[in-house]
Undergrad: 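Here's a structure for you.
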Number of protein chains: 2
Amino acid sequence: MIEIRHLKTLVALSEAGSLTQAAERVFLTQSALSHQLKALEDDIGGALFVRKSAPLRFSPAGERLLIAARRVLEEMEAAQRDIARLAAGAAGRLRIAVECHSCFDWLMPAMDTFRGHWPEVEMDLVSGFHADPVALLKRDEADLAITSDPRARRGVAYLPLFQTEMQAILARDHPLAAKAYLTARDFSRDVLITYPAPEEMFDLIRLVLKPAGIAFTRRTAELTVAILQLVASRRGIAALPVFGVESYLARGYVVGRPIGRQGFYSSLYAAVPEALADAAYVADFAATVRRTCFAHLSGIRPLVA
Amino acid sequence: MIEIRHLKTLVALSEAGSLTQAAERVFLTQSALSHQLKALEDDIGGALFVRKSAPLRFSPAGERLLIAARRVLEEMEAAQRDIARLAAGAAGRLRIAVECHSCFDWLMPAMDTFRGHWPEVEMDLVSGFHADPVALLKRDEADLAITSDPRARRGVAYLPLFQTEMQAILARDHPLAAKAYLTARDFSRDVLITYPAPEEMFDLIRLVLKPAGIAFTRRTAELTVAILQLVASRRGIAALPVFGVESYLARGYVVGRPIGRQGFYSSLYAAVPEALADAAYVADFAATVRRTCFAHLSGIRPLVA
DNA sequence: TTCAATCATGAATATTTCTCATGCGAATAC
DNA sequence: GTATTCGCATGAGAAATATTCATGATTGAA
């Protein structure tokens with residue numbers, strides 16, 4: 001019997017491109033997914049996808065089931081949203097503060113989707129740049145802040161969004177580009193190019209360079225393209241989320257290298273006042289962000305709690 | 001986590017009108033459904049239907065989920081049909097023979113639905129009346145016969161459709177109408193009015209009156225309305241499937257009484273040549289009949305094997 | 001009141017699903 | 001050519017979940 005669980009697996013598989021990564025997205029082991037898909041294939045009596053094909057390809061039956069899966073999951077989400085709305089009266093306000101520059105890349109589409117689901121929720125972006133967006137919550141200048149620093153604060157709850165891989169961005173012929181991955185130490189060898197913001201706001205600096213006691217020189221640029229231009233012209237190296245520079249990497253304008261053996265992942269959270277944390281539309285905002293990001297962004301993975 | 005199983009339960013509940021009967025339709029116990037619905041209500045955090053209300057009423061959340069359930073199940077069925085078609089090349093012929101007069105009531109809508117799903121399958125009704133429709137299969141004059149007599153025959157497979165309650169139909173002021181239910185013996189007290197067909201073709205006669213050695217006199221009429229007219233004017237009593245006479249009962253034109261303490265249920269099967277039994281479109285025809293009948297007919301229940 | 005019908009509930013059981021440990025094969029690095 | 005890594009499959013055992021069984025409560029009808 002095909003269950004919704006199977007449909008979720010199928011969609012995750014199509015988005016992740018491999019059993020192992022899909023398993024991560026549905027919070028199961030690769031083994032579980034293997035069993036699950038086998039059962040599913042037994043049920044419909046045929047293969048759903050072509051094994052050992054990179055990139056992963058679905059069989060015609062798999063394609064068809066995938067279409068059904070997307071529709072079904074969408075319908076179920078809509079229903080649960082409606083039910084939540086029914087229960088909770090709905091209506092509210094969502095002033096969103098963002099510190100992370102690259103976040104606009106995914107935030108805008110997510111906000112569009114969310115606006116369609118909750119037309120009665122008034123949404124705004126809190127303009128201007130803020131060194132500590134979470135503080136805006138307490139001053140009641142924002143209702144939700146995107147942050148990568150979930151340190152416990154009184155009255156603030158953190159809803160996990162996802163993790164994004166940060167890669168070192170180098171000129172194609174940069175000496176470090178010869179390495180399979182960079183280490184913290186490598187960042188002392190060249191200028192680090194970042195957005196203009198306090199050091200504590202960069203996960204790489206806060207969580208890697210500082211703890212390791214690495215000295216580095218920093219230079220800033222406002223826009224992603226400007227940073228990339230500097231990198232390409234050998235003025236330094238940067239560390240950016242892969243999803244934001246994917247097209248440049250694909251075109252070979254610059255190259256990306258993992259940071260550390262396992263890669264370096266930065267976590268993103270939606271910080272909200274505790275009072276709002278239970279509101280259905282707030283929970284659904286986080287869910288919408290996760291859904292849209294996993295559907296469209298590369299180099300990201302789930303973030304637990 | 002809401003699963004498709006839950007959606008099926010919900011739809012069955014809406015169609016059956018009670019937990020107990022819904023349980024029968026999904027081949028589970030009432031207890032299982034009770035647990036299942038409780039889990040579901042815990043999940044969405046609110047009631048899905050109003051207990052102790054006859055007829056059963058859904059809560060707004062229940063209504064919404066029910067809508068989603070219908071859509072989702074339809075989508076899943078369509079997907080599985082498409083996949084079956086993909087696998088099996090499709091195309092075929094379905095000449096349908098029917099002995100049971102009242103069957104046209106549900107057969108036509110079911111055929112319409114089926115035609116939409118399998119436009120490439122050529123469907124026909126085998127015209128004329130046949131004392132032994134199953135014999136037509138062997139003579140290759142039909143591909144599928146609706147019958148209530150699944151006795152094993154070489155080369156013939158029976159696909160269970162459903163059981164339908166046969167009630168005794170009486171004039172409103174008939175003496176027997178005072179009884180809560182009729183017994184076999186009661187049928188010797190008045191003329192039995194049937195469609196014109198051999199005795200063996202009536203389940204009541206074949207399975208109840210004959211085995212009990214009850215003598216009875218019989219009179220025939222071609223059409224259901226004619227039979228009812230005779231009943232209403234006290235010329236005799238009839239035994240008909242409740243779904244076929246529901247509107248007359250509701251209007252009080254005649255009354256229906258169960259036959260036997262538990263009621264008497266006649267089983268209906270689709271008989272097909274064994275060679276066809278595995279064809280996807282044949283299996284789906286049976287499934288379509290079941291689905292449409294359970295969705296629209298009253299006084300019917302599932303038939304196992 | 002008694003009977004029959006419907007639903008809820010806790011405990012026991014059955015079934016399903018998942019994880020763990022491991023193996024295999026292909027691609028890549030050394 | 002041998003090691004290493006990656007992705008997937010598989011069997012067995014563990015964990016989680018679903019179902020049944022036995023029973024009780026409640027309600028409406030006779």
Undergrad: When you get a sec, tell me which of D:dG7, C:dT17, C:dT6 is the closest nucleotide to the side chain of A:Ser18?
TA: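 Nearest nucleotide to the side chain: D:dG7.
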Undergrad: Within this structure, what is the OH-to-P distance between A:Tyr181 and D:dT5, rounded to whole angstrom?
TA: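 Whole-Å distance recorded here is 11 Å.
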Undergrad: Would you indicate which nucleotide in D:dT5, C:dT17, C:dA8 comes nearest to any side-chain atom of B:Leu19?
TA: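 Out of D:dT5, C:dT17, C:dA8, the nucleotide with an atom closest to B:Leu19's side chain is C:dA8.
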Undergrad: Using a 3.5 Å distance criterion without hydrogens, assess whether the side chain of A:Thr292 forms a donor-acceptor pair with backbone atoms of A:Thr288.
TA: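 Present.
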Undergrad: Taking atom types as modelled, is there a side-chain donor on A:Thr9 or A:Gln36 under 3.5 Å from an acceptor on the other?
TA: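 Yes, a side-chain donor-acceptor pair sits under 3.5 Å.
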Undergrad: B:Phe49 ring centre to B:Arg57 NZ or CZ under 6.0 Å, with the angle to the axis within 45°?
TA: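 That pair does not qualify as a cation-pi contact.
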Undergrad: Name every residue in residues 27-36 of chain B that has at least one heavy atom under 4.0 Å from any atom of DNA chain D, in order of residue number, or write none if there are no such residues.
TA: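 Correct list: B:Leu28, B:Thr29, B:Ser31, B:Ala32, B:His35, B:Gln36.
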Undergrad: Check the phosphate of C:dT6 against B:Arg51, side-chain N and O only, distance under 4.0 Å to OP1 or OP2. Yes or no?
TA: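 For C:dT6, OP1/OP2 do not have a side-chain N/O of B:Arg51 under 4.0 Å.
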Undergrad: Distance check needed: D:dC8 C1' versus A:Gln21 CD, whole Å only.
TA: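 Nearest whole value for this atom pair: 14 Å.
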Undergrad: In whole Å, I'd like the distance from the CG atom of A:Leu56 to the P atom of C:dA26.
TA: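 One finds 18 Å between P of C:dA26 and CG of A:Leu56, rounded.
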Undergrad: For B:Ile4 and C:dT16, what is the distance between atoms CD1 and C1' respectively, to the nearest whole Å?
TA: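 Going from CD1 in B:Ile4 over to C1' in C:dT16 covers 16 Å.
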Undergrad: For B:His6 and D:dT19, what is the distance between atoms NE2 and P respectively, to the nearest whole Å?
TA: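 Going from B:His6 (NE2) to D:dT19 (P), I get 7 Å.
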Undergrad: Is it true that a side-chain atom of A:Ser267 and a backbone atom of A:Gln163 form a donor plus acceptor pair closer than 3.5 Å?
TA: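 No, A:Ser267 side chain to A:Gln163 backbone: no donor-acceptor pair under 3.5 Å.
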Undergrad: Testing the basics here: between B:Phe162 and B:Cys293, what is the closest heavy-atom pair and its distance to 0.1 Å?
TA: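 Result for this residue pair: CE2-SG, 3.4 Å.
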Undergrad: Starting from P on D:dC8, measure out to CZ on A:Phe49 and report it in whole angstrom.
TA: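 It works out to 7 Å between those atoms.
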Undergrad: Could you tell me how far apart A:Arg5 (CZ) and D:dT17 (C1') are, to the nearest whole angstrom?
TA: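 Atom CZ in A:Arg5 sits about 10 Å away from atom C1' in D:dT17.
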Undergrad: Using the side-chain contact (heavy atoms from CB on, under 4.5 Å) criterion, which residues pair with B:Thr29? Sequence neighbours excluded.
TA: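 Only B:Ser31, B:Ala32 meet the side-chain contact (heavy atoms from CB on, under 4.5 Å) criterion with B:Thr29.
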Undergrad: Starting at CG of B:Leu13 and ending at C1' of C:dC7, how long is that distance when rounded to a whole Å?
TA: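 After rounding, the gap between these two atoms is 12 Å.
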Undergrad: Can you confirm whether the side chains of A:His6 and A:Asp43 place a donor and an acceptor under 3.5 Å from each other?
TA: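 Judged by distance alone, the side chains do not pair up.
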